[in-house]
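Labels below follow one simple rule: chain letters A, B, ... track the order of the sequence lines, proteins then strands, and each chain is numbered from 1. Values below: all heavy atoms of this structure, side chains included; hydrogens, waters and symmetry mates excluded.
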Amino acid sequence: MSVRTRFAPSPTGMLHIGGARTALFSYLFARRHGGKFLLRIEDTDRERSTPEAIRVILEGLAWLGLSWDEEPVYQSRRAARHLEIAERLLAEGKAYRCYCTKEELEAMREEQRRRGEKPRYNGRCRHREDHPEDRPFVIRFKAPLAGETVVNDLVLGRVSFANAELDDLILVRSDGTPTYNLAVVVDDHDMGITHVIRGADHLSNTPRQIQIYEALGWQVPAFAHIPLILGPDGAKMSKRHGATAITEYREQGYLPEAIVNFLARLGWSHGDQETFTMEELEQLFDLGSVGKANARFDPKKLDWLAGWHMRRADDARLAELVKPFLARIGVDEAALARGPELVALMPLLKERAKTLVELAELAKPFYRAPEDYDEKAVKKHLRGAAWELLARFVQEAEALKDWNAEALHALIRRICEEAGAGMGKLAQPIRILLTGRAVSPPIDATLALIGREESLRRLRAGMRRLQS
RNA sequence: GCCCCCAUCGUCUAGCGGUCUAGGACGUCGCCCUCUCACGGCGAAAACAGGGGUUCGAGUCCCCUUGGGGGCGCCA
């Protein structure tokens with residue numbers, strides 16, 4: 001039987017970093033085995049589900065490159081089928097009507113907690129014979145009372161639960177709507193899901209779901225519960241830890257392949273290999289190499305991976321991707337048209353950037369003259385002999401035959417040698433006047449790309465402004 | 001409180017009884033390269049949570065303790 005996995009987010013918020021990884025693992029497992037990766041939107045929480053959240057989740061998955069097969073299934077549209085199954089269970093005596101009120105249940109739980117027990121339904125209505133017509137009821141699953149239910153987890157191994165620990169869970173609410181545990185089982189079955197890959201926070205639901213499968217006589221899928229992602233401090237990921245939504249990383253200019261690589265290595269490993277492309281992951285991923293322990297989110301490692309993928313990214317693609325980020329900082333299409341080809345800058349800049357935001361910052365000086373100058377840099381480099389060297393440079397550069405990196409490099413070197421100074425004595429002043437900062441690609445390349453006219457104009461303007 | 005899961009450098013991890021004087025990567029700290037920043041190269045510090053077993057032999061198997069995490073809804 002061919003593999004079918006699914007990602008089943010509830011659209012009550014954003015696509016969380018943890019959800020993204022669950023989706024990634026499900027996707028990779030399906031691809032690796034030549035199977036299908038499906039989507040199911042669990043939008044049965046009538047109040048909290050929003051179309052906006054659905055859009056954001058689908059967009060996030062697409063951005064990461066997690067393409068799904070077949071049309072997404074909307075759980076809310078399948079209520080009739082869920083209810084049909086509940087009725088079947090009822091008819092077969094595997095479920096029953098429970099007339100207990102929420103207040104009664106709360107009191108029951110309170111009492112159990114007080115006695116140090118695990119709060120759970122005590123089965124009061126289990127053997128009830130009467131069916132009061134006028135009272136609201138829920139449908140409960142008649143769970144086995146003795147024995148144990150075993151989960152043979154692909155990541156965790158054998159996990160067993162005493163059936164006595166599991167109570168009769170609600171399948172259908174008093175308002176007639178199906179609950180999660182019923183819906184997942186029915187949907188996973190109907191969708192032909194062979195492998196349920198989800199966060200370890202679902203582990204305790206699993207024995208109950210297995211019991212439902214068994215009551216229905218359905219094939220139980222394989223389960224794989226993957227460890228959770230914790231914040232850098234070991235606590236549950238929250239806004240306090242910075243970005244938790246996948247969209248925030250896109251906003252910050254991270255390349256999707258960097259996020260994918262990072263997420264994949266959080267919990268999964270392949271020997272000593274750290275860097276992976278999506279193609280490699282689709283070849284190599286397996287559940288057996290997924291660790292059991294929770295992992296902490298390490299932003300430093302993400303940044304390193306981001307730089308690694310940036311350096312290897314295609315120049316033309318980067319040039320396109322960086323445009324919106326340039327626009328944000330005042331470099332529009334018109335400005336781009338006046339400067340060098342964006343794509344020509346990429347080999348120089350991508351070496352120095354981890355994100356598209358940084359890439360845009362680095363590109364900006366090639367299209368706009370500095371508005372101000374880094375104060376510390378000015379104090380450090382623009383003093384004493386710098387002005388004389390600059391003056392000589394401007395003078396000679398004006399007459400330079402070929403305005404290219406090689407010629408400029410030779411000129412700067414000559415001037416410095418003649419003055420008995422290191423190249424930095426001239427390169428840094430030029431850099432600051434050209435870009436406003438002490439950091440840029442090699443000075444000869446920077447000058448060459450900015451061009452003779454604009455370079456000289458900036459140098460003169462800077463000298464006028466700062467040489468007091 | 002009860003149930004379940006987990007436990008190797010600060011972090012992600014390799015390790016699937018002997019090849020471990022515990023390997024890699026990020027980060028950190030040196031040094032080199034160098035016109036700046038990066039990249040790159042070299043090197044260093046840094047871990048098997050604790051205690052019992054099993055075994056000729058335990059990071060690797062079992063138990064306990066401790067610590068972390070998850071769950072205990074008419075949420076998903």
(message) For A:Phe285 and A:Phe25, take the angle between the two ring planes, folded into 0 to 90°, and tell me which bin it lands in: parallel under 30, tilted 30 to 60, perpendicular over 60.
(response) tilted
(request) Taking only the side-chain nitrogens and oxygens of A:Arg311, find out if one of them lies under 4.0 Å from OP1 or OP2 of B:G40. (result) yes
(message) For a quick check, tell me whether the side chain of A:Glu274 and the base of B:G24 share a donor-acceptor pair closer than 3.5 Å.
(response) yes
(message) Under 6.0 Å from the ring centre and within 45 degrees of the ring axis: does the NZ or CZ of A:Arg97 meet both conditions for the six-membered ring of A:Phe137?
(response) yes
(request) Answer yes or no: does a side-chain N or O of A:Arg109 lie under 4.0 Å from OP1 or OP2 of B:G73? (result) yes
(request) Select one nucleotide: of B:C37, B:C26, B:G69, the one nearest the side-chain heavy atoms of A:Trp304. (result) B:C26
(message) For RNA chain B, which residues of residues 364-376 of chain A approach it to below 4.0 angstrom with any heavy atom?
(response) none
(request) Determine the contact category for A:Arg120: base if any of its heavy atoms lies under 4.0 Å from a base atom, sugar-phosphate if only primed atoms, P, OP1 or OP2 are that close, otherwise nothing. (result) nothing
(request) Identify whether any heavy atom of A:Val138 sits under 4.0 Å from a base atom; if not, whether one sits that close to sugar-phosphate; answer base, sugar-phosphate or nothing. (result) base
(message) So, under a plain 3.5 Å distance rule, would you say the side chain of A:Asp201 forms a donor-acceptor pair with the base of B:G71?
(response) no
(request) Could you tell me whether A:Asn205 contacts a base, only the sugar-phosphate backbone, or nothing, with contacts defined as non-hydrogen atoms closer than 4.0 Å? (result) base
(message) Ring of A:Trp308, cation from A:Arg312 - is the NZ or CZ under 6.0 Å from the centre and inside 45° of the axis?
(response) yes
(request) Identify which nucleotide among B:G24, B:C3, B:U36 has an atom closest to any side-chain atom of A:Gln428, counting heavy atoms from C-beta outward. (result) B:U36
(request) For ring-ring contact (aromatic ring centres under 6.0 Å, His included), just list the numbers for A:Phe276 and A:Trp268, CA-CA rounded to whole Å, side-chain angles, deciding distance to a tenth of an Å, and then say yes or no. (result) CA-CA 12 Å; A:Phe276 298 86; A:Trp268 175 81; 5.2 Å; yes
(request) From the options B:C74, B:U13, B:C4, select the nucleotide whose nearest atom is closest to the side chain of A:Phe161. (result) B:C4
(message) Students often get this wrong, so: under 4.0 angstrom with heavy atoms, is A:Arg265 touching a base, only sugar-phosphate, or nothing?
(response) base
(message) Within the 4.0 Å heavy-atom criterion, would you say A:Leu266 contacts the bases, only the backbone, or no part of the nucleic acid?
(response) sugar-phosphate
(request) Using a heavy-atom cut-off of under 4.0 Å over every strand shown, decide if A:Ser269 touches base, sugar-phosphate, or nothing. (result) sugar-phosphate
(request) Answer with base, sugar-phosphate or nothing: what part of the nucleic acid does A:Lys300 contact at a heavy-atom distance below 4.0 Å? (result) sugar-phosphate
(message) Students often get this wrong, so: under 4.0 angstrom with heavy atoms, is A:Ala293 touching a base, only sugar-phosphate, or nothing?
(response) sugar-phosphate
(request) For A:Lys236, answer base if it contacts any base atom (sugar-phosphate contacts may also be present), sugar-phosphate if it contacts only those atoms, and nothing otherwise; contact means non-hydrogen atoms under 4.0 Å. (result) sugar-phosphate
(request) Could I get the full list of side-chain hydrogen bond (donor to acceptor under 3.5 Å, both in side chains) partners for A:Asn294, not counting sequence neighbours? (result) none
(message) Under 4.0 Å, heavy atoms only, any strand: does A:Cys100 hit a base, just the sugar-phosphate, or nothing?
(response) base
(request) If the plane angle is over 60° it's perpendicular, under 30° parallel, otherwise tilted; pick one for A:Tyr213 and A:Phe223. (result) perpendicular
(request) Answer yes or no: side-chain N or O of A:Arg113 and base N or O of B:C72 forming a donor-acceptor pair under 3.5 Å. (result) no
(message) Should the side chain of A:Ser440 and the base of B:C37 be counted as holding a donor-acceptor pair, with the cut-off at 3.5 Å?
(response) no
(message) Side chain of A:Val159 only, heavy atoms from C-beta on: which candidate in B:C4, B:C72, B:C35 is closest?
(response) B:C4
(message) Categorize A:Pro227 for me: base, sugar-phosphate, or nothing, with a 4.0 angstrom heavy-atom threshold over every strand shown.
(response) nothing
(request) May I ask you to say what A:Gly267 touches in the nucleic acid, namely base, sugar-phosphate or nothing, with a heavy-atom cut-off under 4.0 Å? (result) sugar-phosphate
(request) Could you check whether A:Glu351 gets within reach of a base, just the sugar-phosphate, or nothing at all, counting any heavy atom under 4.0 Å? (result) base
(message) Within the 4.0 Å heavy-atom criterion, would you say A:Tyr180 contacts the bases, only the backbone, or no part of the nucleic acid?
(response) base
(request) Whole angstrom is fine here: how far is it from CD in A:Gln273 over to P in B:U13? (result) 16 Å
(request) Check the geometry between A:His202 and B:G70 and answer yes if their rings are stacked (centres below 5.5 Å, planes below 30°), otherwise no. (result) no
(request) Please name all residues satisfying salt bridge (charged side-chain N to carboxylate O under 4.0 Å, His left out) with A:Lys142, sequence neighbours left out, ordered by chain then number. (result) none
(message) Using a 3.5 Å distance criterion without hydrogens, assess whether the side chain of A:Arg158 forms a donor-acceptor pair with backbone atoms of A:Asp153.
(response) no
